[in-house]
Structures are given as structure tokens and as C-alpha cells.
2 protein chains.
Amino acid sequence: MTLKQLEAFYWAATCINFAVAAERVHVSSSSLSKRIAELEHSLGLELFDKTGRNSVLTGHGDRLLPLAKDMLERAGAIRETLGSSIGLSGRCRLGMGEMSAMCWLPAFIAAVAARHPGLQVEPLVANDQVLERRLEDGELDCAVLAGASSRGGLASQAVGEAELAWVASPEFVTRCGTDRPAELVNGQLFISLPAGSGLTRALDQWAGQHGLSVERRLSCNNWGAVVSMIRAGLGFGLMPREWAHAMARRGALLVLQPEERLPSLGYVLQWRRDDSRALIAEMRRLVGRSVAFRAPECFI
Amino acid sequence: MTLKQLEAFYWAATCINFAVAAERVHVSSSSLSKRIAELEHSLGLELFDKTGRNSVLTGHGDRLLPLAKDMLERAGAIRETLGSSIGLSGRCRLGMGEMSAMCWLPAFIAAVAARHPGLQVEPLVANDQVLERRLEDGELDCAVLAGASSRGGLASQAVGEAELAWVASPEFVTRCGTDRPAELVNGQLFISLPAGSGLTRALDQWAGQHGLSVERRLSCNNWGAVVSMIRAGLGFGLMPREWAHAMARRGALLVLQPEERLPSLGYVLQWRRDDSRALIAEMRRLVGRSVAFRAPECFI
DNA sequence: CGCGTTTACGCCTCACGTAAACATC
DNA sequence: GATGTTTACGTGAGGCGTAAACGCG
């Protein structure tokens with residue numbers, strides 16, 4: 001029995017399948033399979049029931065799981081307590097929404113690279129539902145999402161707040177004759193992300209507070225497209241404050257005045273609650289001191 | 001960092017030197033040295049101060065020691081809890097006194113062999129002081145001694161009681177005109193093991209209770225020699241009861257009548273208190289159900 | 001047939017033991 | 001010189017990935 005075997009077993013037992021677990025321990029699924037077979041041989045019992053498409057834990061496997069987790073945590077604690085502070089290595093699969101990818105990811109990548117030159121961050125941009133599922137499945141190590149997860153298996157920690165601002169193109173405002181969002185929502189097209197996104201939730205919350213309803217909507221799952229449509233004068237919308245002001249400074253957009261009070265978007269880092277790797281602790285540390293959300297360079 | 005490395009580190013830290021630790025983990029001292037060097041490299045710190053003839057733990061090593069012990073205990077617990085009940089393997093260095101070696105060892109070896117065919121018991125016969133030191137140094141896995149140790153680092157568990165009987169050769173009794181030990185101690189030669197042995201302690205306890213002193217003594221560190229001398233009529237002595245009666249049955253010795261009440265010798269299994277290997281647990285189990293002290297075959 | 005896992009196989013690293021060298025007392 | 005540890009080095013086992021095969025839906 002080796003730590004590698006226990007690690008392989010643990011992730012195989014808690015990830016969606018062996019292939020995902022293999023990625024997490026940075027080996028081929030063939031090797032992972034063999035590590036588990038070796039562990040089973042050394043303990044003299046079956047840990048997985050492999051009849052069927054997906055391997056499922058046996059009773060013995062169930063009993064081993066908390067023990068293996070404990071071993072791995074303690075091994076991690078030793079490395080953390082005593083190990084020299086050489087940087088992490090390997091890969092970190094980091095999920096996030098598109099806005100985080102544009103406003104926050106570059107600075108974060110820089111911070112990670114400065115502290116851990118050997119760690120390769122692999123960002124995956126997807127919507128919140130996909131991100132949460134991939135987190136649970138083990139395909140992502142952690143993810144930045146708008147708001148804490150509803151899933152019990154995922155833990156979270158605040159990353160920062162993105163304040164929102166109403167925006168529209170100068171031509172659009174001229175055409176409408178008003179820059180008051182409370183008036184625009186009656187009749188004008190509100191362009192934003194699909195239902196379920198943090199942005200849409202923030203809008204609905206705002207509308208509820210003001211007794212308004214947003215009738216005409218256009219949703220697109222791509223921020224660049226949303227911004228382009230707003231800029232083209234197809235409608236009005238919401239954007240992170242810094243982003244909006246950056247575009248306003250070069251005349252591309254107008255920040256609608258007066259800015260209505262909007263709930264800010266609380267972004268959190270999420271990870272699997274049962275994931276006790278040093279990688280996670282370090283990501284939490286780094287996002288805790290990360291820079292604020294910024295306007296994406298490409299739109300300034 | 002691997003379990004093997006932690007195991008090597010633990011025993012290197014708690015045995016008298018690397019060579020002894022290497023025997024305990026069944027590798028050459030070269031390999032043990034390299035395992036420790038590997039561990040040091042993987043943690044990025046020095047665990048032993050190797051300037052000097054004996055390696056001594058550094059501060060980092062001190063901190064790692066309890067963590068490593070914990071890891072090994074948990075690994076052992078996994079094997080014990082889940083592992084199939086295949087027998088132990090490897091070697092068990094078992095120390096004991098000469099009497100235990102003759103009266104008790106054969107039956108114990110048989111019991112071990114029946115339960116653990118792959119385990120090789122290596123008995124070492126020596127006196128109690130030597131046994132205790134070797135236990136502490138790590139050269140012995142466990143030992144059967146007369147009475148619990150005075151050393152705090154050693155734990156113990158009762159194995160059995162050896163009842164004693166007075167013996168002398170028929171010719172000796174005839175020559176002395178008495179078979180009462182309380183009379184024989186005045187003037188006759190008492191033949192026994194060296195001071196410090198359980199047998200001598202039992203005699204002194206008996207003498208103290210009866211207000212007697214044993215003046216003439218002959219000590220030899222070899223039971224066979226002691227028995228031979230008693231049988232040759234050089235003096236009288238004490239022997240385990242079964243042993244004495246076995247020799248009396250064939251007329252070789254007389255069991256002196258009436259048998260004075262003597263404290264029996266309480267034999268215990270001793271092991272290092274910090275030794276949490278499954279080997280020790282199994283030895284404790286086996287001696288707990290082991291056969292009683294018997295007359296050694298060679299003297300029946 | 002698609003998906004998930006294991007087997008086959010060639011490769012190569014790494015851990016081992018023997019033996020010599022080194023360091024300390 | 002005796003003792004304790006490390007280095008040198010040749011050997012062998014075992015872990016690795018690629019790719020093919022297997023087994024279940």
C-alpha cells in the first residue's frame with residue numbers, strides 16, 4: 001500500500017469516473033487503473049465493483065474512503081507544515097464565467113505565475129451550471145462563480161464584488177430621449193446574459209425592488225457579443241462598473257445617469273468540500289489577495 | 001514523500017542507529033540511508049544532523065517524528081481493518097531468557113508458524129538487561145522477560161507464571177541428611193542464575209519473607225550448566241515446577257519436600273511502547289493464548 | 001457503436017544490494 | 001582502527017504511456 005495508491009483510490013472514488021480521476025493525479029487512466037488494482041491486491045479485497053459501465057465502490061471501498069482521505073490529508077499536512085515553500089507544480093483546472101475570465105483572470109494568472117512558476121493554470125470558461133457540475137465531477141479543481149453554490153458538496157469563499165453600471169450607446173440614448181433605466185425597461189431591449197447568470201439575477205432583484213418588470217430581453221451566452229450589441233445600439237444593458245467607465249472614457253458607451261442603485265455581483269471561489277489538497281488552500285490564499293475586477297484589456 | 005520513506009525515517013529516528021533501523025524495515029542500510037535522503041529532498045529540509053558518528057534528529061526531524069508515527073499507525077490501521085487476514089511476513093526478532101527459550105519457545109514457535117507461515121521468528125537468548133537494551137535500541141521486536149521493565153519506553157503484558165520448586169540430586173539430599181530448603185540454605189551451596197535474574201529475585205524475596213539469608217551461592221549464566229551442577233550434587237537450587245517434576249520422574253533429581261511456598265516467576269512480553277506495528281499486536285495476541293511453561297524436551 | 005476500464009507491450013526510471021569510500025571518534 | 005553513514009555502480013523490478021482489446025449499455 002502506497003500513498004500514490006491511496007490517492008488514486010480516493011480520487012477514483014470521488015470523481016465521476018477513472019479518466020477524470022487520472023487527470024487529477026496527472027497520470028494516464030491506465031496507470032490509475034493499475035494503481036487501484038495494486039491497492040486491491042495489497043489489501044486483498046475488491047474496492048470497486050467493475051461490472052457495469054461505471055465503477056462503483058464496494059462495501060470495503062466505502063470503509064476505506066474516509067481512511068484514505070485521512071491519510072492524504074495528513075500527508076498534505078506534513079508537506080505543508082514542514083515542506084519548504086517551493087511553489088506548487090502540476091496543473092490547476094480553474095473554471096469561471098466569461099466576465100471573470102476577462103476582468104479578473106489575467107491578473108490572477110499573473111499572481112499565480114509569480115508565486116508558483118511550476119503551476120500551470122488551465123482556465124475553462126463556461127456557465128455556472130456547467131462549472132458546478134464539473135467541480136463535483138472532479139474535472140475542475142476550483143471555479144470562480146457568481147454566488148455560493150446550492151450544492152452541499154461545494155464550499156466557497158468570497159473573491160470580490162463586481163459593481164454594475166447601466167450602459168447604452170450614445171446613439172441609443174439620443175434615440176430614446178432618456179438615460180433613465182427605469183424608463184428604458186418599458187419598451188427598450190435589455191441585452192444581457194442568459195437566465196441563470198449572476199447578471200440576470202442581479203437585474204431581476206433590482207426590478208423587484210423597484211416594482212418594475214423587464215419585458216423585452218435579448219440573452220446571449222457571450223459577453224463580447226452582448227457588449228457588441230449594446231455598443232451597436234440594439235439596446236441597453238448592465239456591465240461591471242470599471243468596464244463601463246473604461247469604455248465610456250473613449251466614447252464607445254454611455255454610462256447612464258443617474259446610476260440606479262444596483263446589487264453588486266458577489267463572486268466566490270468554489271471547490272469541492274472534500275478536497276483537502278494544498279492546491280486548494282493556495283488558490284484560496286491567492287484569490288483572497290487578488291486584485292479587484294478590472295475592465296478587460298481587450299475592451300478598453 | 002512515500003510511506004516507505006516515512007517508515008524509514010521513523011525507525012531511523014527511534015532506533016539506536018541506521019543499521020538497526022534498516023534491519024527493522026528489511027532493507028540494507030544503504031537503502032535506508034537513501035530513503036531518508038529522498039525524504040529530506042522531497043521535503044526540502046534536513047531531518048538528521050549527520051555531522052558526528054551518530055545521526056541525531058534536527059528540529060525539523062523532531063517535528064516530523066510524531067507526524068510520521070501517526071501516518072504509519074493509520075496505514076497499519078487500514079491494513080488491519082480492511083486487509084484480508086493473510087499472515088504476517090518478514091522477520092520477528094524475539095528476545096527471551098534461557099528458561100523461556102527452553103520451556104516456552106518451542107510451543108510458541110509452533111503457534112506462530114501455524115498462524116503465520118511467512119513469518120520467520122528469530123529468537124535471541126540473553127539476560128534481561130541485554131534484552132531490555134536491545135529492545136530500546138530497536139534490535140529486538142519484542143522479548144519475554146521475568147517481570148515488567150523499569151524502563152518507561154517499554155510496555156509489557158503478562159505471558160504466564162512459572163511456578164518454582166526446590167530441587168537437588170538424590171545423592172545430595174542423602175549426604176545432607178535433610179531435604180528442607182530452610183535448613184539447606186545454612187551451609188549448602190545454592191546454585192542459580194546471576195544476580196538480576198528473575199530466579200534470584202524470587203529467591204531473595206522468599207528468603208526475606210522467612211527471615212533467612214542465603215550465604216553460599218554459585219551463579220552461572222546458563223541454565224543447562226545450573227541444572228547439570230545441581231544434578232551432579234554440587235548444591236541445591238530452584239527450577240520451574242514442571243521441569244523439576246519431569247526430571248524427578250526419571251530419578252534424575254529430587255523435588256524437595258515439603259515444597260516451601262515460593263513466589264512464582266511472572267513472565268511478561270515486552271515491546272517498545274512506541275511500536276505500533278501489526279507485528280506487535282499479533283505477538284501480543286499469540287502469547288496471550290500461548291501454552292504454559294513446560295519442561296524443556298531436552299531435560300525430560 | 002460509444003463509453004469506460006483493463007490488458008498488452010515496450011520503455012525507462014527508480015529502488016535495491018554489494019562493495020568501496022568517507023567521516024568521526 | 002572501529003564504527004556508522006554515504007557514494008558508486010550494475011542489476012532488476014515495477015510503474016509509466018500508447019494503443020489495442022474488452023465489456024457493458
Side-chain angles (χ1 to χ4, degrees), chain A residues 1-43 45-58 60-61 89-91 120 133-134 136-139, chain B residues 1-43 45-58 60-61 75 89-91 120 130 133-134 136-139:
Chain A
M1 185 177 69
T2 69
L3 285 175
K4 281 182 177 181
Q5 288 167 6
L6 290 174
E7 188 184 25
F9 165 76
Y10 178 74
W11 292 112
T14 57
C15 290
I16 190 68
N17 60 32
F18 280 23
V20 169
E23 290 227 333
R24 182 152 291 208
V25 287
H26 310 307
V27 295
S28 69
S29 47
S30 157
S31 293
L32 186 111
S33 172
K34 268 190 295 190
R35 282 188 186 177
I36 289 171
E38 274 294 312
L39 179 60
E40 287 177 326
H41 181 74
S42 98
L43 291 176
L45 18 95
E46 299 272 304
L47 297 171
F48 287 95
D49 179 11
K50 286 124 174 172
T51 68
R53 199 147 152 169
N54 285 309
S55 293
V56 60
L57 280 179
T58 63
H60 290 133
S89 64
R91 295 191 305 180
Q120 189 173 352
R133 186 170 51 73
R134 299 222 167 165
E136 281 202 326
D137 289 352
E139 292 178 69
Chain B
M1 185 177 69
T2 69
L3 286 175
K4 280 182 178 182
Q5 287 167 7
L6 290 173
E7 189 185 25
F9 164 76
Y10 177 73
W11 291 113
T14 58
C15 289
I16 189 68
N17 60 30
F18 280 23
V20 169
E23 291 227 331
R24 183 153 289 207
V25 287
H26 310 307
V27 296
S28 68
S29 46
S30 157
S31 293
L32 186 111
S33 171
K34 268 191 294 192
R35 282 189 187 178
I36 289 172
E38 276 291 316
L39 179 60
E40 287 178 328
H41 181 74
S42 98
L43 292 177
L45 10 102
E46 299 271 306
L47 297 171
F48 287 95
D49 179 11
K50 286 123 174 173
T51 67
R53 198 147 153 171
N54 284 309
S55 292
V56 59
L57 281 178
T58 63
H60 291 132
S89 63
R91 294 190 305 180
Q120 189 172 350
V130 169
R133 186 168 53 73
R134 300 223 168 165
E136 282 201 327
D137 289 353
E139 293 178 66

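Within 6.0 Å of NE2 on His41(A) lie no more than 12 heavy atoms contributed by other residues, nucleotides or ligands.
A distance of 11.5 Å separates CD1 in Ile16(A) from CZ in Arg134(A), rounded to the nearest 0.5 Å. Between the NZ atom in Lys34(B) and the OG atom in Ser28(B) there is a gap of 7.5 Å [rounded to 0.5 Å]. How far CZ of Arg35(B) is from CD of Glu40(B): 14.5 Å, rounded to the nearest 0.5 Å. Taking OH of Tyr10(B) as the start and SG of Cys15(B) as the end, the distance is 8.5 Å to the nearest 0.5 Å. Distance CZ/Arg24(A) to CD/Glu139(A): 9.5 Å, rounded to 0.5 Å. Here the straight-line distance linking atom CG of Leu39(B) with atom OG1 of Thr2(B) works out to 7.5 Å at 0.5 Å rounding.
Closest approach of Thr58(A) to Phe48(A), counting heavy atoms only: CG2-C, 3.6 Å. Looking at every heavy atom in both residues, Leu32(B) comes nearest to Phe18(B) through CD2-O, 3.6 Å.
Of the options Val25(B), Val20(B), Leu6(B), a side-chain contact (heavy atoms from CB on, under 4.5 Å) to Trp11(B) is made by Val25(B) and by none of the others.
Note on the helix from dC1(C)-dG25(D) to dC25(C)-dG1(D): terminal axis deviation equals 30°, with five pairs used at each end and the result rounded to 10°.
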N/O to N/O distances under 3.5 Å, protein versus nucleotides 3-6 of chain D:
residue: dT3(D); atom: O4'; partner: Arg53(B); partner atom: NH2; Å: 2.8
residue: dG4(D); atom: O3'; partner: Arg53(B); partner atom: O; Å: 3.2
residue: dT5(D); atom: OP2; partner: Phe18(B); partner atom: N; Å: 2.9
residue: dT6(D); atom: OP2; partner: Ser33(B); partner atom: OG; Å: 2.5
residue: dT6(D); atom: O5'; partner: Ser33(B); partner atom: OG; Å: 3.4

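Chain A approaches DNA chain C over the interval dG2(C) to dC9(C), counting the first and last nucleotide 5' to 3' with an atom under 4.0 Å from its heavy atoms.
Annotation: of the two residues near DNA chain D, Thr51(A) and His26(A), the 5′-most nearest-nucleotide partner is His26(A).
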